Student: 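Before anything else, here's the structure in question.
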Amino acid sequence: MALIELKNVSKTFETGVGTVQALKDINLSIEQSDIYGIIGMSGAGKSTLVRCLNYLEKPTDGDVIVGGKKLRELSKKELREERRNISMIFQNFNLLMQKNVLKNVCFPLKLRRVKKKEAEKKAYELLETVGLADKAKAYPAELSGGQKQRVAIARALASDPEILICDEATSALDPNTTRSILELLKEINEKYGITIVLITHQMSVIKAICNKVAIIEDGKLVEKGNVLDVFNNPKSEASKKLIFGDELVA
């Protein structure tokens, strides 16, 4: 059984100029320990899809199933509990600028009322994992973009998630830093068995670490499969454009 399943998921929004169909009948299965890339051009529906994965957006139609549980059938309390298994990292890092690195990583543990000494011990261990143990007392403003993203990854891991969603997590980084962050994500996937869902518009990111890929265009899932299969034999025009076009698709 897949860890994450999307069955006939659609999402529409009502706007001042009419109805916008952001997702159209999406069917997708993500297995335990996959590094699954979801790629498309700007406006394709990637951001809406990622928000449906953890039910920050409720689909208009269809089901999101995580660990065998249909999220639409959960109570608010049950949904909060389920979201603890799903962590996210973002393009803009979302760090608490007034708190040092250690306190940023401790923050989700504080929310769970973990004792301070225990939380700090775990935070130091996670900072060691991401290569920033020496920056524990530094503040975000003193860090480079790559270091900020490493702090964000450590914080995301603090709640022991089964799933890590990376929403354009390397888009603001230079190529060398991007490479180091992707290597770190791959190490985390191998070390902890965490399933990673990687939302991106960068084909180079998919090539670097993903084992499976789904390509979205205009709210539709136009192609999916093993990365090598899709790259070697793309069937849709959107796939061909992404693979044979520019490395970075804006």
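Side chains included, hydrogens not; waters and symmetry mates left out as well; all remaining heavy atoms used. Starting from 1, each residue takes its place in the sequence as its number. Predicted model only: the values in this text are computed from it and were never measured.
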Student: Given Leu132, which partner from the list Ile153, Leu126, Leu127 fulfils the side chain to side chain contact (heavy atoms under 4.5 Å, CB included) test?
Tutor: Leu127
Student: I want to check something: taking the side chain as every heavy atom from C-beta on, are Val114 and Lys122 in contact at a cut-off of under 4.5 Å?
Tutor: no
Student: Between Asp34 and Asn211, is any side-chain donor less than 3.5 angstrom from a side-chain acceptor?
Tutor: yes
Student: Backbone N or O of Val9 within a donor-acceptor pair of the Asp61 side chain at under 3.5 Å?
Tutor: no
Student: Going by atom type alone, with no hydrogens or angles, which donor-acceptor pairs under 3.5 Å involve a side-chain atom of residues 102-112 and a protein atom two or more places apart or on another chain?
Tutor:
{"residue": "Asn104", "atom": "OD1", "partner": "Leu96", "partner atom": "N", "Å": "2.8"}
{"residue": "Asn104", "atom": "ND2", "partner": "Leu96", "partner atom": "O", "Å": "3.0"}
{"residue": "Asn104", "atom": "ND2", "partner": "Lys99", "partner atom": "O", "Å": "3.0"}
{"residue": "Asn104", "atom": "ND2", "partner": "Asn100", "partner atom": "O", "Å": "3.1"}
{"residue": "Arg112", "atom": "NH1", "partner": "Ser159", "partner atom": "O", "Å": "3.4"}

Student: Quick one: do Ser236 and Glu217 satisfy side-chain hydrogen bond (donor to acceptor under 3.5 Å, both in side chains)? Show the steps, please.
Tutor: CA-CA 10 Å; Ser236 69; Glu217 183 181 48; over 6 Å; no
Student: Hydrophobic cluster membership, with links at side-chain heavy-atom distances under 4.5 Å among I/L/V/M/F/W/Y: are Leu242 and Ile206 in one?
Tutor: yes
Student: Using the rule that two of Ile, Leu, Val, Met, Phe, Trp, Tyr join whenever any of their side-chain heavy atoms come within less than 4.5 Å, decide whether Val197 and Ile194 are in one cluster.
Tutor: no
Student: Treating Ile, Leu, Val, Met, Phe, Trp and Tyr as nodes and any side-chain heavy-atom pair under 4.5 angstrom as an edge, say whether Val50 and Ile26 lie in one connected cluster.
Tutor: yes
Student: Is a donor on one side and an acceptor on the other found under 3.5 Å between the side chain of Asp174 and the backbone of Asn176?
Tutor: yes
Student: Would a distance-only check, ignoring hydrogens and angles, find a side-chain to backbone donor-acceptor pair under 3.5 Å from Asn189 to Ser33?
Tutor: yes
Student: Any side-chain heavy atom of Leu49 sitting closer than 4.5 Å to one from Leu6?
Tutor: yes
Student: Of all residues at least two apart in sequence or in a different chain, which pass the side-chain contact (heavy atoms from CB on, under 4.5 Å) check with Lys121?
Tutor: Glu125
Student: Quick one, Lys11 and Arg51 - any side-chain contact, counting heavy atoms below 4.5 Å?
Tutor: no
Student: Measure the shortest side-chain to side-chain distance between Ile163 and Ile30 over non-hydrogen atoms and say whether it is less than 4.5 angstrom.
Tutor: no
Student: So Gln149 and Phe93, do their side chains get closer than 4.5 Å, heavy atoms only?
Tutor: yes
Student: Is any side-chain heavy atom of Leu185 closer than 4.5 Å to a side-chain heavy atom of Leu164?
Tutor: yes
Student: Would a distance-only check, ignoring hydrogens and angles, find a side-chain to backbone donor-acceptor pair under 3.5 Å from Ser10 to Thr60?
Tutor: no
Student: Hey, quick one: are Met203 and Leu173 part of the same hydrophobic cluster, counting side-chain heavy atoms closer than 4.5 Å, chains of contacts allowed?
Tutor: no
Student: Quick one, Pro59 and Leu23 - any side-chain contact, counting heavy atoms below 4.5 Å?
Tutor: no
Student: Do Val64 and Ile86 belong together in a cluster built from hydrophobic side chains that touch within less than 4.5 Å?
Tutor: yes
Student: Please examine the side chains of Ile181 and Arg150, heavy atoms only from C-beta on, and report whether any two atoms are closer than 4.5 Å.
Tutor: yes
